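Some notes on the structure that comes next.
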2 protein chains.
Amino acid sequence: MSCGSLYASELRARGYRMTPQRMLILHILHSAGTHLSPTEIFATAKKEFPRLTEPTVYRTLDFLTENGLVRPAHRGNGHHVYEIARHEHHHLVCRVCGGEVEVEHKVLAKLYRELETASGYRLTDSHVTFFGLCPGCQKGD
Amino acid sequence: MSCGSLYASELRARGYRMTPQRMLILHILHSAGTHLSPTEIFATAKKEFPRLTEPTVYRTLDFLTENGLVRPAHRGNGHHVYEIARHEHHHLVCRVCGGEVEVEHKVLAKLYRELETASGYRLTDSHVTFFGLCPGCQKGD
DNA sequence: ACTGTTATTGCAAAAAGTTGCAATAAGGAA
DNA sequence: TTCCTTATTGCAACTTTTTGCAATAACAGT
Ligand SMILES: [Mn+2]
Ligand SMILES: [Mn+2]
Ligand SMILES: [Zn+2]
Ligand SMILES: [Zn+2]
């Protein structure tokens with residue numbers, strides 16, 4: 001059973017359908033292995049599937065997010081980038097050079113528990129972005 | 001010396017200028033006291049100042065952010081909202097009802113220090129958003 | 001394999017956000 | 001006050017993202 005079929009049964013179990021568009025976008029994100037913007041995804045996917053349209057890309061990304069197969073992250077500019085869902089993590093992003101490092105979720109686990117206890121909220125999402133200056137960009141001020 | 005004049009001297013000290021557009025947008029954010037989207041700000045400001053255009057609103061918000069007078073926050077949808085800069089804080093936002101609570105920055109201070117030590121980054125920004133379910137929305141599932 | 005239901009897509013149009021550039025005006029200096 | 005420099009704005013054009021709706025196609029049931 002291929003990777004795509006696994007995703008397909010997950011979706012069908014919830015009453016949704018697997019389509020070539022969804023398969024393709026999942027494949028692009030899977031093989032990229034990094035964060036991609038909707039525009040980048042659209043450009044790549046369109047080559048493979050010329051009938052594809054932007055609204056489908058945006059709706060597909062929302063759908064896959066909703067179903068836990070991809071995860072959105074925000075960049076400083078207020079736009080989302082997406083990556084295939086994998087282990088829970090967060091990011092530190094440099095305001096100057098854009099450099100980024102991952103932080104395991106377990107580093108934040110205690111904070112999450114504290115916030116939940118103090119507020120009554122249940123925190124469901126990882127993939128938080130913290131902004132700052134990377135070691136290199138601190139030197140030049 | 002009025003509130004607007006204070007902002008003005010801050011900007012002039014850095015070689016920038018205070019303009020009616022910047023004054024107005026600062027005033028709107030100041031009197032709103034909450035997060036506003038660029039569209040909301042534009043709509044409000046346009047009534048007071050009909051010659052105002054969208055590019056000016058977006059550029060002004062970037063400029064005021066850059067200069068520490070306003071702070072952007074991101075909502076789940078990947079768009080920014082802005083508020084007048086005040087004490088350092090973060091937010092918990094409910095994925096279901098959109099409800100939101102503030103968290104003092106000092107609750108995260110230790111985590112920030114840990115992240116800085118572990119990564120070498122210097123974290124410069126507060127106003128992080130954590131997503132989850134508010135107490136009310138947890139009951140209905 | 002065929003059929004029917006309806007989730008999903010493409011299309012068209014709108015809304016939101018961005019960019020380049022010439023015209024304007026803030027504010028320091030005379 | 002007037003003049004000059006140049007930061008800032010408005011305009012026009014463009015890109016990105018969203019929305020409504022009719023056409024399509026996934027897939028469960030036969
Ligand atoms: Mn990531
Ligand atoms: Mn806030
Ligand atoms: Zn850097
Ligand atoms: Zn809620």
Side-chain angles (χ1 to χ4, degrees), chain A residues 1 4-26 35-67 69-70 72-82, chain B residues 1 4-26 35-67 69-70 72-82:
Chain A
M1 187 185 251
S5 308
L6 259 171
Y7 285 134
S9 26
E10 269 203 66
L11 294 183
R12 276 197 284 266
R14 294 175 214 166
Y16 300 118
R17 298 170 185 179
M18 180 51 82
T19 66
Q21 294 89 338
R22 287 173 180 176
M23 204 84 110
L24 176 55
I25 289 172
L26 281 167
H35 303 156
L36 295 176
S37 70
T39 303
E40 289 169 329
I41 294 166
F42 177 66
T44 306
K46 185 101 180 169
K47 289 174 197 153
E48 195 80 14
F49 199 126
R51 289 180 49 79
L52 188 71
T53 60
E54 285 101 338
T56 297
V57 171
Y58 287 99
R59 282 190 285 225
T60 299
L61 290 170
D62 284 348
F63 171 84
L64 295 173
T65 298
E66 203 67 34
N67 286 275
L69 303 185
V70 308
H74 68 101
R75 284 283 158 83
N77 52 32
H79 290 179
H80 272 161
V81 288
Y82 295 83
Chain B
M1 185 186 252
S5 308
L6 259 171
Y7 285 135
S9 28
E10 270 205 66
L11 295 184
R12 282 197 216 103
R14 293 175 213 166
Y16 299 119
R17 298 173 184 175
M18 179 51 82
T19 65
Q21 294 88 340
R22 286 174 180 174
M23 205 85 111
L24 176 56
I25 288 173
L26 281 167
H35 302 155
L36 294 177
S37 69
T39 302
E40 291 168 329
I41 293 166
F42 177 66
T44 306
K46 184 99 179 168
K47 287 175 198 153
E48 195 80 13
F49 198 126
R51 288 179 51 78
L52 188 72
T53 60
E54 284 100 338
T56 296
V57 171
Y58 287 101
R59 283 190 286 223
T60 297
L61 290 169
D62 284 348
F63 170 85
L64 295 174
T65 299
E66 203 66 34
N67 285 275
L69 304 186
V70 309
H74 67 98
R75 283 287 157 79
N77 51 31
H79 291 182
H80 272 163
V81 288
Y82 295 83

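We name chains A, B, ... by the order of the sequence lines, and we start the count at 1 in each one. What you see is a predicted model; the values in this text were computed from it and never measured.
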Exercise for review: Map B:His79 and B:Met18 onto DNA chain C by nearest heavy atom, then report which one ends up closer to the 5' terminus.
Suggested key: B:His79

Review point. Does the side chain of A:Gln21 get closer than 4.0 angstrom to OP1 or OP2 of D:dA25 through an N or O atom?
Key: no

Practice item. Check whether any side-chain heavy atom of A:Leu11 sits under 4.5 Å from a side-chain heavy atom of A:Arg17, and report yes or no. Key: no

Review point. Could you state the CG-P distance from A:Leu52 to C:dT8, rounded to the nearest angstrom?
Key: 15 Å

Exercise for review: State, to 0.1 Å, how close A:Pro38 and A:His80 come at their nearest heavy-atom pair, and which atoms those are.
Suggested key: CD-O, 3.5 Å

Check your understanding: To the nearest angstrom, how far is A:Glu54 atom CD from C:dG17 atom P?
Key -> 17 Å

Review point. Can you tell me how far C1' of C:dA26 sits from CE of B:Met23, to the nearest Å?
Key: 12 Å

Check your understanding: Any idea which of D:dT8, C:dC11, D:dT9 is nearest the B:Arg59 side chain?
Key -> D:dT9

Point to revise | N/O (side chain, B:Thr39) to phosphate O (OP1/OP2, C:dG17) under 4.0 Å | key: yes

Practice item. Starting at NE2 of A:His74, measure out to CG of A:Asn77 and round the result to the nearest 0.5 Å. Key: 10.5 Å

Exercise for review: Kindly say if B:Thr19 contacts the phosphate of D:dA7, meaning a side-chain N or O under 4.0 Å from OP1 or OP2.
Suggested key: no

Point to revise | Proximity to the side chain of A:Arg17 - top-ranked nucleotide from D:dC21, C:dT8, C:dA26 | key: C:dT8

**Study point:** Proximal nucleotide (of D:dT9, C:dG28, C:dG17) relative to the B:Arg12 side chain
**Key:** C:dG28

Practice item. Would you check if B:Asn67 and B:Arg14 make a side-chain contact, meaning some heavy-atom pair closer than 4.5 Å? Key: yes

Check your understanding: B:Leu11 has an atom CG; how far is it from atom P of D:dT8, in whole Å?
Key -> 8 Å

Check your understanding: Using the C1' atoms of the five pairs at each end, what is the angle between the end axes of the helix from C:dA1-D:dT30 to C:dA30-D:dT1, to 10°?
Key -> 30°

Review point. Between D:dA7, C:dT9, D:dG10, which nucleotide has the shortest distance from any of its atoms to the side chain of B:Thr56?
Key: D:dG10

Check your understanding: Under 6.0 Å from the six-membered ring centre of B:Phe63 and within 45° of its axis: does the NZ or CZ of B:Arg22 meet both?
Key -> yes

Exercise for review: Nearest whole angstrom, please: distance from the P of C:dT8 to the OH of A:Tyr16.
Suggested key: 7 Å

**Study point:** Interatomic distance where CZ belongs to A:Arg75 and P belongs to C:dG17 [whole Å]
**Key:** 19 Å

Check your understanding: Going by heavy atoms in the side chains, are B:Tyr7 and B:Leu26 under 4.5 Å from each other?
Key -> yes

Return a table of donor-acceptor pairs under 3.5 angstrom between the side chains of residues 39-46 of chain B and protein atoms on other chains or two or more places apart.
{"residue": "B:Glu40", "atom": "OE1", "partner": "B:Ser37", "partner atom": "N", "Å": "2.8"}
{"residue": "B:Glu40", "atom": "OE1", "partner": "B:Ser37", "partner atom": "OG", "Å": "3.4"}
{"residue": "B:Thr44", "atom": "OG1", "partner": "B:Glu40", "partner atom": "O", "Å": "3.0"}
{"residue": "B:Lys46", "atom": "NZ", "partner": "B:Pro50", "partner atom": "O", "Å": "3.0"}
{"residue": "B:Lys46", "atom": "NZ", "partner": "B:Leu52", "partner atom": "O", "Å": "3.0"}

Review point. What is the distance, rounded to the nearest whole Å, between atom CZ of B:Arg14 and atom C1' of D:dT8?
Key: 17 Å

Practice item. When you get a sec, tell me which of C:dT9, C:dC21, D:dT8 is the closest nucleotide to the side chain of B:Phe63? Key: D:dT8

Study note, to complete from the structure: side chain to side chain contact (heavy atoms under 4.5 Å, CB included) with A:Tyr82: of A:Thr60, A:Val57, A:Asp62, A:Ile25, only one passes, and it is A:Asp62

Point to revise | Value in whole Å for how far the P atom of C:dT8 lies from CG of A:Leu26 | key: 13 Å

Review point. With a non-hydrogen cut-off below 4.0 angstrom, is A:Pro38 in contact with a base, only sugar-phosphate, or nothing?
Key: sugar-phosphate

Check your understanding: Can you find a heavy atom in the side chain of A:Met23 that is under 4.5 Å from one in the side chain of A:Met18?
Key -> yes

Practice item. Check the surroundings of atom CD in B:Glu10: do more than 12 heavy atoms from other residues, nucleotides or ligands lie under 6.0 Å from it? Key: yes

Review point. Which residues, if any, of residues 43-50 of chain B bring a heavy atom under 4.0 Å of DNA chain D?
Key: B:Phe49

Practice item. Could you tell me whether B:Arg22 contacts a base, only the sugar-phosphate backbone, or nothing, with contacts defined as non-hydrogen atoms closer than 4.0 Å? Key: sugar-phosphate

